[in-house]
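Take a look at the structure set out below.
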Amino acid sequence: MVGEADDARLVVEFLNTVDIDEGIDLLATPAGYRQWATAHQLRAGDRRLALELRDALRQLVRAGGATLPQIALEVRTGSDGAPSLVGDDVAGGVLAAAVRLATRGEWRRLKLCPNPICLEAFWDRSKNRSRTWCAMTGCGNLLNARAYRARRRDAQAGLT
């Protein structure tokens with residue numbers, strides 16, 4: 001049976017196949033898509049469907065609502081005799097992992113960095129699920145410093 005950490009890792013890595021800041025999309029070409037699938041021990045399947053799923057999942061994480069593409073999933077009995085939801089390719093495997101996270105009540109730990117030039121997906125491991133940034137040393141520090149400077153600028157403008 002696949003665990004939460006495996007599911008979270010797969011979904012985060014899938015969402016991060018697109019790098020907004022660098023303009024890189026690992027799934028943009030059929031070769032890149034097949035390479036990513038192989039590296040994650042998944043059958044490639046329909047690349048168009050996987051790209052549609054990635055966009056929908058990113059929208060779902062960011063805004064809380066999206067229409068997911070229709071993807072066939074299957075319930076199989078695991079080695080421990082428990083049923084498990086599985087997909088037979090990239091789109092199915094990632095969607096099954098996302099559903100398992102949601103079923104376990106862990107979906108809210110999946111987040112996108114609010115930095116508009118980053119938007120990297122990350123797994124919030126904090127106890128109270130309060131992590132905001134992909135990394136406090138990068139995006140968090142940068143945006144907090146910008147907000148601080150803006151508040152100071154506004155305060156000084158009000159005094160003059």
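Computed from a predicted model, the values in this text were never measured in an experiment. Start at 1 with the first residue, then count along the sequence.
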Hey, quick one: are [X] and [Y] part of the same hydrophobic cluster, counting side-chain heavy atoms closer than 4.5 Å, chains of contacts allowed?
X: F14; Y: L51; result: yes
X: I20; Y: V12; result: no
X: L60; Y: L27; result: yes

Item checked: Side-chain heavy atoms of Y33 within contact of T17, under 4.5 Å ->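 The answer is no, as the side chains (C-beta and beyond) never meet within the 4.5 Å cut-off.
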Main-chain N/O of [Y] paired to [X] side chain as donor or acceptor, under 3.5 Å:
X: R109; Y: D124; answer: yes
X: R58; Y: L15; answer: yes
X: R100; Y: L85; answer: yes
X: R47; Y: A28; answer: yes
X: R54; Y: N16; answer: no

Nearest-0.5 Å distance that lies between atom [atom1] in [X] and atom [atom2] in [Y]:
X: L10; Y: E13; atom1: CG; atom2: CD; answer: 7.0 Å
X: L53; Y: L95; atom1: CG; atom2: CG; answer: 5.5 Å
X: L101; Y: D7; atom1: CG; atom2: CG; answer: 5.0 Å
X: L110; Y: L57; atom1: CG; atom2: CG; answer: 8.0 Å
X: E120; Y: K111; atom1: CD; atom2: NZ; answer: 14.5 Å
X: D25; Y: W36; atom1: CG; atom2: CH2; answer: 12.0 Å

Next item on the list: Using the side-chain hydrogen bond (donor to acceptor under 3.5 Å, both in side chains) rule, collect all pairs that involve residues 64-77, keeping only residues at least two apart or in two chains.
Entry: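 Residue pairs with at least one partner in residues 64-77: E74-R76.
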Check: Partners of D46 by side chain to side chain donor-acceptor pair (under 3.5 Å), sequence neighbours excluded?
Finding: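 D46 satisfies side chain to side chain donor-acceptor pair (under 3.5 Å) with R48 once adjacent residues are dropped.
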Closest heavy-atom contact between [X] and [Y]?
X: R34; Y: A44; answer: CG-CB, 4.1 Å
X: A102; Y: W107; answer: CA-CB, 3.9 Å
X: G87; Y: L73; answer: CA-CD2, 4.1 Å
X: P69; Y: A56; answer: CD-CB, 4.2 Å
X: G93; Y: L42; answer: CA-CD2, 4.5 Å
X: I71; Y: A91; answer: CD1-CB, 3.7 Å

Checklist line | W123/V11 under side chain to side chain contact (heavy atoms under 4.5 Å, CB included): CA gap, chis, key distance, verdict | finding: CA-CA 9 Å; W123 187 251; V11 174; over 6 Å; no
Item checked: Enclosure of R62 CZ (heavy-atom neighbours >12, cutoff 6.0 Å) ->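 Yes, the 6.0 Å shell around CZ holds more than 12 heavy atoms from other groups.
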